[in-house]
Every structure is written in structure tokens, then in C-alpha cells.
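Okay, structure first, notes after.
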Amino acid sequence: MHVLILGGTTEGRRLAELLVSAAGTRVTSSLAGRVAAPRLPPGEVRVGGFGGAEGLAAWLREHRVDALIDATHPFAGTISFNAAAAAASAHVPLLALRRPGWVASPGDDWHPVGSLEQAARVLPALGERVFLTTGRMGLAAFAGDPDLDRLWFLVRSVDAPEPPCPARMEVLLERGPFTLDGERGLLRRHRIDVVVTKDSGGAATAPKLAAAREAGIPVVVVERPPAPEGVPVASTPEEAAAWVGADLVP
């Protein structure tokens with residue numbers, strides 16, 4: 001059996017670990033290639049796009065894939081819709097592996113928005129020193145506006161961002177998981193008074209939310225984009241591995 005994992009996430013790597021240990025299972029993980037030095041999962045790895053839904057469907061047929069698992073980032077919306085279309089075209093079972101989103105706790109001061117552009121619009125009314133944790137992609141939403149130019153941004157990402165970027169910015173190159181003590185110290189050192197995050201879910205980057213809650217700092221939360229309808233969803237790698245075993249192993 002050949003399983004293709006559209007990965008690049010902690011959950012995708014864990015799923016590959018579970019599946020490569022299963023007898024008779026060939027596992028290929030596909031990474032988008034947006035991170036310079038990604039953590040490679042076990043098994044076979046390919047890097048780069050497929051050329052849209054048609055290209056992915058052709059790859060599924062050519063490599064005789066028996067199961068497709070979309071374990072991409074919750075905000076990598078295009079590939080998820082391409083995966084749904086390709087799986088239907090190639091008649092390959094598809095499962096989405098999605099970590100649950102975050103849920104506000106008592107004391108949180110969350111400001112939900114639908115996009116990075118909306119996040120940029122609400123920022124000037126919330127603070128002046130911004131901890132921007134949405135990654136290096138999409139920083140253009142926070143550049144080129146006089147109201148935003150007066151704000152100071154601490155941008156944390158795995159790789160260095162490219163312009164356009166906020167006018168007043170410091171870059172912090174770090175990869176999670178992060179600790180609560182570390183996030184508390186970061187907010188204090190940089191005198192952060194507002195945080196911006198995507199609702200990525202998971203434990204690796206959640207401590208910033210607890211630190212912001214303790215400090216009474218507002219958090220602008222970019223909500224997840226819509227996902228394809230009709231695709232079964234697993235919330236853990238273990239559930240996804242069980243789906244592969246239950247539905248596809250003779």
C-alpha cells in the first residue's frame with residue numbers, strides 16, 4: 001500500500017513515523033518547500049508543488065497511491081481544495097488531518113478577524129508594540145499604511161521574511177515548540193501590548209496565548225479559512241493511522 005501525506009506539519013511527521021513502521025506500507029511525504037531547512041519525516045520525501053489539482057491527480061495515478069492524507073497547515077487552503085479535487089478525479093480515498101483550533105479561556109481578550117488584512121486594520125486601536133506570529137508569508141498586509149508605520153513589530157518566523165514588510169520591525173528567527181516562561185519573558189522584554197496570531201491550533205505555539213492572557217494583552221486571532229466539504233477529518237495522527245489501517249489494509 002502506498003500512502004501520500006501532504007505534510008509540513010508536526011502531525012504529518014508523526015503520521016509518517018506511525019505508518020513507516022507498518023509492514024507493507026510505502027509512505028511518501030510531500031513538502032511545499034517554503035522552509036529552507038524543514039524537519040524531514042521518515043520514509044520517502046518529495047519537495048515542491050504538483051501543478052494544481054490535475055498535476056496531483058496525475059501523480060496519484062502514476063505512483064499508484066492508495067490513500068491520500070492532507071496533513072498540511074490549516075491555513076494552506078489552496079492545496080486542501082486541490083487535494084479534494086485530485087482525490088475525486090483519481091478515485092483515491094482522502095482524509096484531512098487537522099489539529100483542533102484554539103478555544104478562548106476566561107480572561108482572554110481575543111479579537112477574531114477573517115484575514116491578515118482585517119488584522120492589520122484593527123491593530124492601531126489595540127496597541128503600539130506588536131508581536132506578529134503569523135509567519136513570514138503575508139507581511140505585506142502590515143506594510144505601506146501610515147497608521148501601521150507608527151507601530152513597532154516583533155516578527156517571529158522560522159526563515160527570514162522578504163519585503164514588503166512593516167516599516168518598524170525586528171525579526172526573531174525561532175522554531176517552536178515554545179514554553180510559557182519563554183513567552184512571558186519575550187512579552188516583557190519587548191514591551192509587547194498586542195499579539196497577532198493565526199488560529200493554527202496545537203500545543204507548540206499555544207503558550208503565547210496563556211502569556212498574553214496573564215499579562216492582559218489583547219490577541220488578534222485570524223480565523224481559519226474554509227475547508228473542502230465532504231472530506232473526513234481526523235484530529236490526531238493516531239486517528240489518521242487507524243483510518244488507513246481500518247479502511248485500506250486487506
Just how far is it from atom CG of Leu186 to atom CZ of Arg156, taken to the nearest 0.5 Å? 6.0 Å
What pair of heavy atoms forms the shortest contact from Trp102 to Lys198, and how long is it? CZ3-O, 3.0 Å
Minimal heavy-atom distance between Ala241 and Leu18, with the atoms involved, is CB-CD1, 4.1 Å
Any sub-3.5 Å donor-acceptor pair from Thr25's side-chain atoms to Met1's backbone N or O? no
I need the minimum non-hydrogen distance between Phe81 and Ala227, along with the two atoms involved. CZ-C, 3.8 Å
Do you reckon Trp59 sits in the same ILVMFWY cluster as Leu6, going by side-chain contacts under 4.5 Å, direct or chained? yes
Identify whether Ile217 and Phe142 are in the same connected component of the hydrophobic contact network (ILVMFWY, side-chain heavy atoms under 4.5 Å). no
Look only at the side chain of His111 and the backbone of Val122, and say whether a donor-acceptor pair between them is shorter than 3.5 Å. no
How about Asp181 and Thr179: does a side-chain donor come under 3.5 Å of a side-chain acceptor? no
Do side-chain atoms of Ser115 reach the backbone of Gln118 as a donor and acceptor pair under 3.5 angstrom? yes
For Ala119 and Val222 the tightest heavy-atom approach is CB-CG2, 4.2 Å
Please evaluate residues Arg61 and Ser89 with respect to the criterion side chain to side chain donor-acceptor pair (under 3.5 Å), reporting the C-alpha separation (whole Å), side-chain torsions for both, the decisive distance (0.1 Å), and the verdict. CA-CA 10 Å; Arg61 297 188 190 98; Ser89 174; 2.7 Å; yes
Salt bridge check, Glu183 against Lys208: does any charged N sit closer than 4.0 Å to a carboxylate O? no
Got a salt bridge between Asp193 and Arg129, using NZ or NE/NH1/NH2 to carboxylate O under 4.0 Å? no
Donor on one side chain, acceptor on other, Arg98 and Ser80, under 3.5 Å: yes
Do Val155 and Met137 sit in one hydrophobic cluster, given that two such residues count as connected whenever their side-chain heavy atoms are within less than 4.5 Å of each other, even indirectly? no
Any carboxylate oxygen within less than 4.0 angstrom of a Lys/Arg side-chain nitrogen, looking at Arg14 and Glu17? yes
How about Val130 and Leu154: do any of their side-chain heavy atoms sit closer than 4.5 Å? no
Would the distance check show the side chain of Arg46 and the main-chain N or O of Thr28 forming a donor-acceptor pair, the cut-off being under 3.5 Å? no
Keeping the roles fixed (side chain from Asp108, backbone from Trp110), state whether a donor-acceptor pair exists under 3.5 Å. no
Donor-acceptor check, side chain of His73 to backbone of Phe75, threshold 3.5 angstrom: yes or no? yes
With Leu68, the side-chain contact (heavy atoms from CB on, under 4.5 Å) member among Val3, Leu60, Leu95: Leu60
Derivation and outcome, side-chain contact (heavy atoms from CB on, under 4.5 Å), residues Val158 and Leu173: CA-CA 5 Å; Val158 176; Leu173 298 181; over 6 Å; no
Closest heavy-atom contact between Leu209 and Thr197? CD2-CG2, 4.2 Å
Do other residues, nucleotides or ligands put more than 12 heavy atoms under 6.0 Å from Glu239 CD? yes
Taking a hydrophobic cluster as the set of Ile, Leu, Val, Met, Phe, Trp and Tyr residues connected by side-chain heavy atoms closer than 4.5 Å, whether directly or through intermediates, do Ile5 and Leu97 fall within one such cluster? yes
Above 12 or not: heavy atoms from other molecules or residues under 6.0 Å from CD of Glu54? no
Mind listing the closest non-hydrogen atom pair of Ser200 and Arg99 along with its distance? O-CD, 2.9 Å
